[in-house]
Amino acid sequence: MPSVRVRYAPSPTGAPHIGNLRTALFNWLWARHNDGKFILRVEDTDQAREVENGLELIMASLKFLGIEWDEGPDIGGAYGPYHQSERLPIYKKYADELVERGAAYRCYCTNEELAQMRAEQEARGEPTRYDRRCRWLAAEQRAQRESEGRAYVIRLAVPLEGSTTLRDFIHGDITIPNDSVDDQVLMKSDGFPTYHLAVVVDDHLMEITHVMRGDEWISSFPKHILVYNAFGWTPPQFGHVPVVLGPDKKKLSKRHGATSITQFRDEGYLVEALLNFMTLLGWAYDGQRELFTRQELIENFTLDHIHSSPAVFDRTKLDWMNGEYIRRLEIGDLATRLLPFLTRAGIEADLETTKKIAPLVQERLKRLDEIAPLVDFLFQEKISYDPKTLVGPKMNAAESLHALRAAGEILDGMSFDDAEKMEQALRAAGEQLGLKPAQFFGVLRNAVSGKTVTPPLIGVLQILGKEKTMARIGDALVKLEKLAM
RNA sequence: GUCCCUAUCGUCUAGUGGACUAGGACGUGGCCCUUUCAAGGCCAAGACACGGGUUCGAAUCCCGUUAGGGGCACCA
């Protein structure tokens, strides 16, 4: 019997965004931290909002992050079914039980009546809420409506007096007067439960011990506790995690660019970094340490360090962290992850070559997708560039020509196998010409790559190979000669 | 309108009445290293939203104000 059972209960309305996923992550971390169970449950009680492959998108996102579930719609479990739409008889049974106990009642009001009621309340400047007219129906009135076969919903009979104290391990205790709570609909007239009934019944039946969910639920929190009370059940522990905001401090949305996790993957972020970064959004270990492996996250994750205020999703810090993780990768691993990004950019590299490139770019990458513009020149047959860039810093064309000739001669006369030797020889040649390394290597760099910025030159030359290197130097020499005239 | 939540550097945060001259990280600026770009090292600037209390003492507790956010559905 596991001590901790938590769940992630999304409704299948599309790809989950970072905020939702962060909530799932917290739940999962807590489950793993306690050797407990993490359950995936689908809240599909609103047919109108359903998105066709919504569930697949959710499962794919979780899988990408390595958040695996112990029970769920696809793998089943002892507490199933895990689709709320398949649990309808269960909700009906419990709703009826509540009616029998007098804790809930049938309401026969039509949408039109309700709309009119709200309009009147608004006109009087009152808060809009159900006026409980069906709660006070006399037995005969009720019987008459039943005999007419009128459609009904089931509403919770909220206590008229007193207050309800909500225990929240993130926010602390919150006390709400009961008279501010509406007689919430529990069962809709189509036979589907509302969230408020389903969530309580399921969490109870599935023996959930901790409910961590988005902050937006805090306002319906009292309803849920009242339902637990009505059943005489002990509620699980609740914690409402704050939302994730965009840089403009508005709730994270499409406007802020990528919000689905797969988009981040496609932009070259590593799962390790994403996982680490997302956990730090609203949770901190000690304010000092920030880099954690998955295992370390699990070991150190505790509820008492979850923040109660919203966090802004800061991409520049994610970029930094991603770079940290890239630098920690084994070369072979890095190459394997880099290859698809080269291919996608139309560069036909193989794994062998990518393995040679990897050490050259490792500490220069913040994102995997930055690889292409860094090394594309290595794979092009012909490079094109403005000849003027061949002239080195604080040099004229003639000086640059001299330098490049010297470099060409040296390279032509040696093997490209020994990087050490190549560097020594080139460095010596530059010194002899009275040039600074930056100048001498700069000219060579431009000639060979057409760029002023590249990965370390010697490594680049080795990958390019002697033949291509000499050909490019030859081309550049011709261009420089024209410039020098 | 009403109910509720939130409030420490630009951003993520440490801080649970005295160890706070408020610490760390990202970002920013400077310097060093350096074949470019990075990476790395060092240094710097930068915050307790405001006003009242409580207390010998408050970033920490209480009350207001302000500013954000959420709810007020037969949505989740």
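So that the names make sense, note that chain A is the first sequence line, chain B the second, and so on, each numbered from 1.
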Among B/A38, B/C5, B/A25, which nucleotide sits nearest the side chain of A/I218? B/C5

What pairs meet the side chain to side chain donor-acceptor pair (under 3.5 Å) rule with one or both residues in residues 422-438 of chain A, with sequence neighbours excluded? A/E423-A/R427

Mind checking the P distance from B/U66 to B/C42? Whole angstroms is fine. 47 Å

Name all residues meeting the side-chain hydrogen bond (donor to acceptor under 3.5 Å, both in side chains) criterion together with A/Y105; count only those two or more places apart in sequence or in a different chain, and write none if there are none. A/D183

Does a nitrogen or oxygen in the side chain of A/K223 sit under 4.0 Å from OP1 or OP2 of B/C72? no

Would you tell me whether A/D44 and A/S85 have side-chain atoms, one donor and one acceptor, within less than 3.5 Å of each other? yes

Strand partner of B/A49, provided both Watson-Crick or wobble distances fall under 3.5 Å: B/U65

Short side-chain donor-acceptor distance under 3.5 Å, A/S163 and A/T175: no

Would you please determine if the base of B/C26 is stacked by A/W320, with stacking meaning a centroid separation under 5.5 angstrom and planes under 30 degrees? no

Taking only N and O in the side chain of A/R289, is any of them less than 4.0 Å away from OP1 or OP2 of B/A25? no

Distance between C1' atoms of B/A59 and B/C48 (Å, rounded): 5 Å

For nucleotides B/A22 and B/G68, find the distance between their C1' atoms and express it as a whole number of Å. 24 Å

Distance-only donor-acceptor test (3.5 Å): side chain A/S189, base B/C74: yes

Give the rounded distance in Å between these two atoms: CD of A/E423 and P of B/U35. 7 Å

Given B/A76, is OP1 or OP2 found less than 4.0 Å from the side-chain N or O atoms of A/T45? yes

Indicate whether OP1 or OP2 belonging to B/G40 is found under 4.0 Å from a side-chain N or O atom of A/R364. no

Describe the nucleic acid contact of A/T128 in one word from base, sugar-phosphate, nothing, applying a heavy-atom distance below 4.0 Å. sugar-phosphate

Starting at CG of A/L457 and ending at C1' of B/U35, how long is that distance when rounded to a whole Å? 7 Å

Counting any heavy atom closer than 4.0 Å, what does A/N111 reach on the DNA or RNA strands: base, sugar-phosphate only, or nothing? base

Just N and O in the side chain of A/K249: are any of them under 4.0 Å from OP1 or OP2 of B/U11? yes

